[in-house]
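When reading the values below, keep in mind they use all heavy atoms of this one structure, side chains included, and skip hydrogens, waters and symmetry mates.
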Amino acid sequence: MSTDKTAGESGDEPTVAESDEELWELRDGAWVTRLIPILRLAVKGWFRSEVKGMANVPDGGALLVSNHSGGLLAMDVPVIAVEFFDHFGSERPLYVLAHDMLFIGQGKQLFARAGFVPANRRNADQLLRSGGVTIVFPGGDYDVFRPSTSANRIDFNGRTGYVRTALEAGVPIVPVVSIGGHEAQIFLSRGEDLAKLLRLDKLMRTKLAPLSFGFPFGLSLQFPPNLPMPTKIETRVLEPIDIVAEFGTDPDIAEVDRVVRDRMQSTLDEMARARRFPVLG
């Protein structure tokens, strides 16, 4: 499931609902513990997921920053959540900064119980300052619906707000790099012109109408969603970046972002070279 750009965007200060704090307080550890075995079946069975480097997540608050792959049924969160649970146990929660659309109707309670919160800077700041580990996908829908020709490219679409979020909360950035998820189907276009024509920015807070090809529906504008192919997903958690220690007390936000993306791209390039075949891994 795709998460949003909000906490990763530069210069934006999104509207915050009065109930946002209640949502992250609704996380239910016992419910997550019951959910993990189901997620493990999917990510270990169908997607044969492998995660390396989870020990790089430091004690206390940390902002995990990841690329995002797989379209509407992106598996990045389940893959990371299962490994995080297996490594740290049920007592250490993982929160996910997510698009407001996930909190419509029954989704509000369902996703909040699993640790999802609306992606805005106030929520991120509160969680990180309280010692929470929080994951964000700065590229959001722009990244998760990128064409297959750009599958192995780190592209946050110029969004750098995640750097400021980590800096203000006084926590390290932990880059996370994944490969394989974007082989679940063939992504043809983000459909930006079509989205503008359909005024989706007004109706659904998205500027994209992505077109993909997969099974069983062939060409799809994500609805109905095609089933993901059993592609092997590999993920690496890189060493944390202490912004102040590495860049000083008044860092250039754009420079920090460049370094984060360069390290992620270097790792992704290495993983791509080692990958023998699409889907098979």
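- The pair Asp257-Arg159 does not meet the salt-bridge criterion, since no charged nitrogen lies less than 4.0 angstrom from a carboxylate oxygen.
- Going from atom CE of Met264 over to atom CG of Asp155 covers 11.0 Å, rounded to the nearest 0.5 Å.
- Inter-residue side-chain proximity for Arg27 and Phe116 is flagged as unmet; no heavy-atom pair is nearer than 4.5 Å.
- The side-chain heavy atoms of Arg146 and Ser69, taken from C-beta on, include a pair separated by under 4.5 Å.
- For Arg275 and Glu270, the salt-bridge test fails: no basic side-chain N is under 4.0 Å from an acidic carboxylate O.
- Residues Thr235 and Glu83 bring no donor and acceptor atom of their side chains to less than 3.5 Å of each other.
- For Ser49 (side chain) and Val43 (main-chain N/O), a donor-acceptor pair under 3.5 Å exists by modelled atom type.
- Salt-bridge formation is not detected for the pair Glu234/Arg276: no Lys NZ or Arg NE/NH1/NH2 atom is positioned less than 4.0 Å from an Asp or Glu carboxylate oxygen.
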Stepwise side-chain contact (heavy atoms from CB on, under 4.5 Å) check, Val51 with Val79:
CA-CA 8 Å; Val51 181; Val79 166; 3.6 Å; yes

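- Between the OG atom of Ser178 and the NE2 atom of His68 there is a distance of 10.5 Å, given to the nearest 0.5 Å.
- Within the structure, ring pair (Phe, Tyr, Trp, His ring centres under 6.0 Å) contacts touching residues 170-222 (residues at least two apart or in different chains) are His182-Phe187.
- Both Val244 and Leu128 are assigned to one and the same hydrophobic cluster, defined by single-linkage of ILVMFWY side chains at heavy-atom distances under 4.5 Å.
- Taking a cutoff of 4.0 Å between a charged side-chain nitrogen and a carboxylate oxygen, Arg129 and Asp125 qualify as a salt bridge.
- Remark: the backbone N or O of Asn152 is paired with a side-chain donor or acceptor of Gln265 at under 3.5 angstrom.
- Cluster annotation: Val279 is not connected to Ile233 through the hydrophobic network of ILVMFWY side chains, with a link wherever side-chain heavy atoms come within less than 4.5 Å.
- A side-chain donor-acceptor contact under 3.5 Å links Thr206 and Asp141.
- Taking both residues in full, the closest heavy atoms of Arg92 and Gly60 are given as NH2-O, 3.0 Å, listed atom of the first, atom of the second, then distance.
- Between Glu50 and Lys232, at least one side-chain N (NZ, or NE/NH1/NH2) sits under 4.0 Å from a carboxylate O, which counts as a salt bridge.
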Between Glu192 and Lys207, is a side-chain contact (heavy atoms from CB on, under 4.5 Å) present by the stated rule, with each step listed?
CA-CA 6 Å; Glu192 290 159 296; Lys207 297 179 180 180; 5.7 Å; no

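- Environment of CD in Glu239: sparse, with no more than 12 heavy atoms of neighbouring residues, nucleotides or ligands closer than 6.0 Å.
- Under the 4.5 Å side-chain criterion, counting only non-hydrogen atoms from C-beta, Thr134 is not in contact with Leu64.
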Might you work through the side-chain contact (heavy atoms from CB on, under 4.5 Å) test for Val96 and Val136, ending with a clear yes or no?
CA-CA 6 Å; Val96 183; Val136 67; over 6 Å; no

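- The aromatic ring centres of Phe156 and Tyr162 sit less than 6.0 Å apart.
- Separation of atoms CG (Leu73) and CG (Leu227) is listed at 8.0 Å; rounding is to 0.5 Å.
- Considering only heavy atoms from C-beta on, Val57 comes within 4.5 Å of Phe88 through its side chain.
- Using a 4.5 Å heavy-atom cutoff, the side chains of Leu268 and Ile179 are in contact.
- Within the 4.5 Å cutoff, the side chain of Ile80 has heavy atoms near those of the Val176 side chain.
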Just do the side-chain contact (heavy atoms from CB on, under 4.5 Å) check on Asp201 and Arg199 with the steps written out, would you?
CA-CA 5 Å; Asp201 57 333; Arg199 301 184 65 188; 4.3 Å; yes

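- Heavy atoms only, all atoms of each residue included: Ala74 and Val144 are closest at CB-CG2, 3.7 Å.
- The minimum heavy-atom distance between Gly191 and Ser189, with the atom names listed, is N-OG, 3.0 Å.
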Glu168 vs Arg122, test: salt bridge (charged side-chain N to carboxylate O under 4.0 Å, His left out). Steps then yes/no.
CA-CA 11 Å; Glu168 292 176 354; Arg122 191 173 83 175; over 6 Å; no

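- When every heavy atom of Arg48 is checked against every heavy atom of Pro230, the shortest pair comes out as NH2-O, 2.6 Å.
- Of all heavy-atom pairs between Ser130 and Leu127, the closest is OG-O, 2.7 Å.
- Counting heavy atoms of neighbouring residues, nucleotides and ligands inside a 6.0 Å radius, atom CE of Met229 does not exceed 12 of them.
- One distance of note links CG of Leu26 with CG of Leu110; it measures 12.0 Å at 0.5 Å rounding.
- Other residues, nucleotides and ligands contribute at most 12 non-hydrogen atoms within 6.0 Å of the NZ atom of Lys52.
- A donor-acceptor pair is defined here as one N or O able to donate and one able to accept, closer than 3.5 Å; such a pair exists between the side chain of Thr33 and the backbone of Gly29.
- Closest non-hydrogen pair, Val237 versus Gly53, comes out as CB-O, 3.3 Å.
- A distance of 4.0 Å separates CD1 in Ile154 from CG in Asn67, rounded to the nearest 0.5 Å.
- In the hydrophobic clustering of ILVMFWY residues, with side-chain heavy atoms under 4.5 Å counting as a link, Leu41 and Trp46 come out apart.
- Tyr142 and Val163 sit in two unconnected hydrophobic clusters of ILVMFWY residues. Membership requires side-chain heavy atoms under 4.5 Å apart, directly or through other members.
- Note: Phe145 CZ to Arg190 CZ = 10.5 Å, rounded to the nearest 0.5 Å.
- In this structure, a donor-acceptor pair under 3.5 Å is absent between the side chains of Asn123 and Tyr95.
- Contact annotation: the side chain of Val133 approaches that of Phe84 to within less than 4.5 Å [non-hydrogen atoms, C-beta and beyond].
- Arg40 has its side chain within reach of Phe85: a pair of non-hydrogen atoms, C-beta onward, lies under 4.5 Å apart.
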